[in-house]
Structure formats: C-alpha cells, structure tokens
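Every number for a ligand or one of its atoms is a count from 1 in the order of the listing.
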Amino acid sequence: MKAMAGVLKTLVIILILLIVGALAAAAFQIYQNGECFHIAKKLEAVEPTCTEPGLTEGEACIICGSILKEQEEIPALGHEFGAESCLRCGLDYSMSALSLGSGAEYSLTIGEYIGLNFRLSLTDADVAAGGYVSMRYDNRTERVNLADAEVAADGKYIFSFDVTVLQLTGDVTAQRYTSAGQAVGTAYTASVKGYCDEVLSGNGLDAEKAMIRALLNYAGFCQIYNGTETAETAVNAGLYAAGENPVDDVTDETLTALQSSETGTGLTSMTGMQLSAMILGFDSTARLKFIAEFAEGYDWDDYEITVSGGIEYEASGDILTLKNIAAINLDRYYTVTIRNKADGTELTFGRSVLSVASRYLALEDEKIDDLIKSMYLYNVAAHEYFAAKGE
Ligand SMILES: [Zn+2]
Ligand SMILES: [Zn+2]
C-alpha cells in the first residue's frame with residue numbers, strides 16, 4: 001500500500017508539472033508571437049582610455065543574441081598633458097633632452113602648449129630649502145617654486161615655459177633663486193628655434209624631426225598670416241628653401257572630406273538661442289569658438305553645456321569657446337550639447353578644429369590655405385610622433 005501511495009504521489013507531481021509546463025508553454029506562445037522571449041544579460045561598460053574609445057553598459061539576449069540595449073561609444077579621452085608626460089596614462093611625449101651645460105638640460109614638448117622645458121638636477125635638500133626658478137621672455141616672467149616642479153621619469157625637475165607659435169625664435173632665460181631671492185648658479189638661455197635646429201642637425205628619432213619640421217612650418221605660416229614675418233624671414237624659411245614644405249601636397253579635398261565626420265544638425269535654433277557662426281582661434285594651441293545669439297532675456301545660465309572628450313571650455317558673453325586643443329587633437333571631434341534647462345530643447349553637434357578650419361579654404365586666400373594645410377600636417381606629424389613614443 002505504501003509503495004502504491006508513493007507511486008501515486010509521484011504521478012500527481014508529474015501531472016502537476018505537465019500542467020504547469022503546458023500553461024508556461026501557452027504563456028510563452030502568447031508572449032513570444034513566434035519570436036524569441038528574450039532573456040537579458042548585461043553587457044559590461046568599457047571605460048575609455050586616452051587613445052581607445054569606451055562603451056556604455058548594454059543588454060543582449062542570452063537565447064537569440066539580439067541586442068536589447070545598444071552600447072554607445074564613449075569617445076577616447078585624449079591625453080592629459082603634463083610637462084613631459086600624460087598625467088593619465090603616463091605616456092612620455094617629451095622630445096630629446098639636450099645639454100645646456102653644468103648638468104642642466106632642455107627639451108621641448110608639444111602638448112596643450114609648446115613647452116620649452118628647463119630640466120634641472122636638484123637634490124631633496126635643494127627642494128626642502130625652498131626657492132624657485134624664474135623664467136623670462138621679453139617682459140613676461142613666470143616663477144615656479146621648486147616644490148611645485150614636475151619631476152621627470154629620470155629624476156630631473158622640469159620648469160616649463162609656454163610659448164606661442166609666434167615666439168619660437170626669442171630667448172627664454174631661466175634662473176634659480178633661493179627663497180630669499182638670491183640667484184643660485186648660472187642663468188640658462190634657450191629658444192625653441194635653437195632647440196629645433198639642434199635636433200634637426202643631430203641623430204634624433206625620425207618622427208621627432210618630422211614633428212619639429214611640422215611645428216616650424218605651422219609656426220612660419222602663422223607668422224606670415226599674422227604679417228609679423230614674410231616667406232623669406234619666417235621661421236620655416238629654411239625648410240621652404242630646402243623643399244621640405246609639403247603644404248602644396250595637401251589637397252583641398254583631403255581637408256573638406258573631414259567635414260563628413262561632423263555630427264549634428266549643425267547650427268540650428270533652439271529655445272532662446274541660436275548659434276550663428278564658428279570661428280577658429282589658433283597659436284600654439286587652437287580654440288574653437290561658437291557665437292551664440294540669445295533671444296531677449298536669455299543667457300548662458302539658461303543652458304546646460306556638456307562637451308565630450310574632457311576638453312576645457314568657457315561660455316561667456318555670446319561666445320562658447322573650446323580651449324587649449326593640442327596639435328594631436330586638431331582632428332578630434334568634440335561633441336557639444338547645449339540644453340535649455342527649462343524646456344529640455346537641445347542642440348548637439350560634433351566638430352573638430354580641422355573640420356571647421358577646412359571651411360576657410362573657401363576664401364581662396366593663399367596665406368590662409370597654407371596655414372590650414374600646415375595645421376593639418378602638424379596634426380598628422382603629432383599622431384606619428386605620439387605613436388612612435390608609445391611603442
Ligand atoms: Zn532573444
Ligand atoms: Zn594619456
């Protein structure tokens with residue numbers, strides 16, 4: 001009898017399971033409509049790095065594999081420029097250190113700014129005693145406390161002086177002082193142009209020499225465009241004479257093609273404001289400016305601005321400026337979203353310095369053409385140089 005009851009119990013359980021199964025199958029039929037029922041699994045987010053884009057979190061079905069929530073690409077962050085290396089990934093992008101005599105060296109970095117770096121050997125006791133290094137160019141003086149100096153991988157203390165492309169030939173003088181203002185040792189004098197000449201005549205990396213030629217070309221065309229020098233006297237005059245001036249090899253099409261990667265509906269209107277123009281600003285570091293036209297009673301406080309890629313920006317008056325765009329980032333597309341806080345209307349657009357710059361070719365002004373094309377080559381050289389340093 002007991003055995004009989006056990007079998008019966010088992011049969012009842014099987015029956016119940018069959019009924020539940022049938023109901024589940026029916027439910028499955030109802031909801032699936034001949035398609036997969038979808039069971040989601042999370043697709044992990046991927047953090048972007050300096051050079052590689054990341055992904056937002058997504059969802060995919062574990063049965064059929066279809067994507068339920070698309071992962072969106074997060075643009076690469078770009079390097080965070082320190083005096084000689086990236087503050088985020090540590091990539092050392094400094095150029096060869098050359099001797100200034102008595103243990104001091106100098107180097108050049110092309111990051112957010114063109115940095116002429118004085119590299120000094122200091123002991124811990126020197127730094128503990130305080131003091132500073134004063135750097136002077138014309139009537140501009142910058143003072144960096146020893147304790148605030150960046151320390152390079154080789155232990156040298158770096159005192160970096162930013163110069164614009166129009167200041168490459170001038171001498172920068174650096175002098176160390178005690179905290180009491182007493183000069184210590186000799187003063188060192190260096191110029192970017194002097195550094196460039198020294199590297200170009202030495203046995204440096206090919207990519208380094210190419211970067212320097214591109215810098216001199218770009219700076220020279222900036223000088224010519226600004227009217228401070230002529231083709232004969234500009235900082236790239238020697239390169240021009242030597243036929244190492246490849247701007248003529250860059251076609252207008254190469255540059256205007258960059259506009260096809262622009263995103264967004266362009267400069268359309270939104271509640272209370274519209275963008276009326278884009279302006280390119282440049283010297284050692286490029287700036288993209290967007291001119292806003294506000295309706296009566298509106299200003300930037302009414303809008304929330306987000307810019308991709310960690311670039312510094314400023315909204316004041318009627319201008320939104322993306323600042324300090326380094327040579328290697330001239331081709332980076334920065335996505336700007338401006339959202340009206342009150343009604344949520346927004347405009348989003350992606351632009352790069354070079355995509356905007358290419359529009360200036362339409363002016364058919366030879367000085368501007370040379371400048372824009374040399375800027376393009378400056379960017380190309382920067383990519384090759386950073387790739388060579390990263391290997
Ligand atoms: Zn599925
Ligand atoms: Zn980096």
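- At a threshold of 4.5 Å between non-hydrogen side-chain atoms, the residues M273 and Y303 count as touching.
- At the Zn ion (ligand 2), the vertex angle linking ND1 of H79 with SG of C50 is 110° (nearest 10 degrees).
- Considering just the N/O/S atoms of H38, the one nearest the Zn ion (ligand 1) carries the name ND1.
- Geometry note: the Zn ion (ligand 2) is the vertex, C89 SG and C86 SG are the arms, and the angle is 110° (rounded to 10 degrees).
- The Zn ion (ligand 1) is the vertex of the angle joining SG of C64 and SG of C61, which measures 110° to the nearest 10°.
- The existence of a salt bridge linking R339 and E304 is confirmed by a sub-4.0 Å separation between a basic side-chain nitrogen and an acidic carboxylate oxygen.
- A salt bridge links E262 with R359: at least one charged nitrogen is closer than 4.0 Å to a carboxylate oxygen.
- We find that D171 and R136 are not joined by a salt bridge, their nearest charged nitrogen and carboxylate oxygen being 4.0 Å or further apart.
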